[in-house]
Amino acid sequence: MKKFLSFLLVIAVVMSFATIAMTVSADENELVAAGATEEVAEVAADDAVSVGAGTDTDASGAAGKIYFEKPSAWAGTIFYTHIWDTETGTSFFGWQTKKEKLTEENGKLFYDLSILSDPKAQLEGGFKSGVNYSIMFSDDLGNETCGLMFNSNCVGDTVYLTSNEKTFENTEDSTKHSYPIAWKDNGKKYGIPLQITSVGTIQGEFVSPDRTPDEIIKAWDKGFPSYPSKDSYSPQSSARDHKTRLAEIKEEFKKLVAEGKVLLIGGGVYKESSSSNSSNDSSDSNSSKVDSSDSSESGSSYVTPDGKKVVKNDKGEFVDEDGNVVDASDVVEVEGSVSTGESTTYVYVGLGLMLAAAGVYFVTRKRKA
């Protein structure tokens, strides 16, 4: 009898540890599926972005090529690109330096992004996956394009002129203009940022997930309080004073949002919540862009390693409470007891088996005594 009870004890202990191991394995698989694997799959486009699964993409440079369709209206013989971090404004290299030259091969102009990993670059770490950048092109005869937003998802894509006329107004100096551009394959996800020039001209259509149209209006209101003036005003309006143009801009932005003409970087349309408008605080607008249904329905929540809570927006991106996009590899899923119930059940079964093992051990000890 003692041998039989001892045999049951061994089986119970083994099964309890096996059950807990299954739980750990299942949780790890879910984290991989929700995090790094998804990101690596996205950036593996043409000219494959070299980011390994499970690596810290913020610390490893991505590689690949960006193409530029040679404009028929440009007569230059040397072409350049200029790339900078959208958030900080810091560029990798100086304007039209050797490191910014495009290469021409079989009639196609391209830029090899691995050049950005040069240790002498002003931005460290090279071109990083998950970071938003801006890019523009120029030639040796003074022709240049406006800035275009992009990230590693655009690797392998081609930029082209949308007009052979210089219709894009410089945001600081309204007397200067450049050529508007767009992405061939990613034009609906990445493009010219929504902006207001010094004299009150509205141009572009994209906003980043952590910014609202209202913030753009406030920045213009604060940055150019004396524009438009008597001698300098936007061709979009006959307004000759700042206050009048400001009121017009607020109404125009509200109309653009209502008509779905303000787009989100990465895909999707910017939407205000039913209780907000273009004059509300940015915190209200940010909340309208975040879709927390994934976490509330599954009973799961997401946090960063430092414990900061994040949620998924309508594009499947992880966004913190301030509206900032968080890299998927830096997010940990915390499951609640009301999710699928699978992991929770495993834990309870394992604990039950361990209790049973303890009972068997107790009976064995008692009989022996």
Side-chain angles (χ1 to χ4, degrees), residues 39 42-43 57-58 62 66 82-92 123 127-136 146-155 157 159 168 171 180-183 185-197 202-223 249 253-254 256-257 260-273 276 278 280-292 304 308 310-331:
E39 181 171 329
E42 282 185 352
V43 299
T57 55
D58 282 342
I66 292 294
H82 190 64
I83 301 174
W84 65 96
D85 185 307
T86 301
E87 184 176 348
T88 65
T90 304
S91 60
F92 282 94
L123 284 174
F127 181 71
K128 301 176 183 177
S129 175
V131 177
N132 286 328
Y133 297 95
S134 294
I135 187 171
M136 62 184 295
C146 66
L148 190 67
M149 293 186 75
F150 79 111
N151 62 23
S152 55
N153 293 324
C154 299
V155 173
D157 203 349
V159 175
F168 193 84
T171 55
I181 51 178
W183 294 102
D185 297 330
N186 290 279
K188 293 183 179 180
K189 294 183 178 181
Y190 305 92
I192 300 173
L194 180 64
Q195 55 196 265
I196 309 169
T197 71
I202 300 172
Q203 54 191 12
E205 56 186 346
F206 283 86
V207 295
S208 57
D210 59 349
R211 203 171 188 205
T212 68
D214 181 58
E215 290 177 309
I216 299 172
I217 295 175
K218 288 180 178 178
W220 179 78
D221 185 24
K222 182 179 180 180
I249 289 174
F253 267 46
K254 187 184 296 183
L256 289 173
V257 171
K261 294 181 179 179
V262 177
L263 307 179
L264 289 171
I265 290 293
V269 177
Y270 176 88
K271 294 180 180 179
E272 297 280 9
S273 64
S276 65
S278 61
N280 283 349
D281 290 337
S282 61
S283 58
D284 291 333
S285 299
N286 277 332
S287 64
S288 69
K289 295 185 289 181
V290 176
D291 180 9
S292 59
T304 57
K308 196 170 186 178
V310 296
V311 295
K312 279 187 178 181
N313 62 16
D314 54 3
K315 298 181 298 177
E317 295 175 324
F318 292 102
V319 183
D320 63 21
E321 295 174 347
D322 298 322
N324 301 314
V325 177
V326 179
D327 195 285
S329 62
D330 294 330
V331 175

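Values below: every heavy atom of this structure, side chains too, minus hydrogens, waters and symmetry copies.
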Looking only at side-chain N and O atoms, does Ser208 offer a donor or acceptor that is under 3.5 Å from a partner on Asp210?
yes
Flag side-chain contact, heavy atom, 4.5 Å: Val269 against Val262:
no
When rounded to the nearest 0.5 Å, the distance separating CD of Gln203 from CD of Gln195 is 4.5 Å
Side chain Asp157, main chain Asn186, donor-acceptor under 3.5 Å
yes
Say you draw a straight line from CZ of Phe253 to CD1 of Ile196; how long is it, rounded to the nearest 0.5 Å?
4.0 Å
Does a donor on one side chain and an acceptor on the other come within less than 3.5 Å for Tyr133 and Asn151?
no
Could you go step by step and tell me if Thr212 and Tyr270 meet the side-chain contact (heavy atoms from CB on, under 4.5 Å) rule?
CA-CA 9 Å; Thr212 68; Tyr270 176 88; 3.8 Å; yes
Can you check whether Thr86's main-chain N or O pairs, donor with acceptor, with Ser134's side chain at less than 3.5 Å?
no
4.5 Å side-chain heavy-atom contact, Ile192 and Phe206:
no
Distance in Å, Met136 CE paired with Cys146 SG, rounded so as to fall on 0.5 Å steps:
8.0 Å
Answer whether the closest heavy-atom distance between the side chains of Thr197 and Ile202 falls below 4.5 Å.
no
What one should report as the nearest heavy-atom pair of Glu205 and Lys261 is CB-O, 3.7 Å
Indicate yes or no: at least one non-hydrogen side-chain atom of Pro213 is less than 4.5 angstrom from one of Val257.
yes
Straight-line distance of Lys254 NZ to Ile249 CD1, nearest 0.5 Å
14.0 Å
Shortest non-hydrogen pair, Ser152 vs Gly130, comes out as OG-N, 3.9 Å
Indicate yes or no: at least one non-hydrogen side-chain atom of Thr90 is less than 4.5 angstrom from one of Trp84.
no
Met149 side, atom CE; Cys154 side, atom SG - distance, nearest 0.5 Å:
10.0 Å
Could you please spell out the steps behind the side-chain contact (heavy atoms from CB on, under 4.5 Å) verdict for Leu263 and Val207?
CA-CA 6 Å; Leu263 307 179; Val207 295; over 6 Å; no
Can Phe150 and Phe127 be said to form a ring pair (Phe, Tyr, Trp, His ring centres under 6.0 Å), step by step?
CA-CA 11 Å; Phe150 79 111; Phe127 181 71; 5.6 Å; yes
Let me confirm one number: the CG-CD1 distance from Leu148 to Ile66, rounded to the nearest 0.5 Å.
9.5 Å
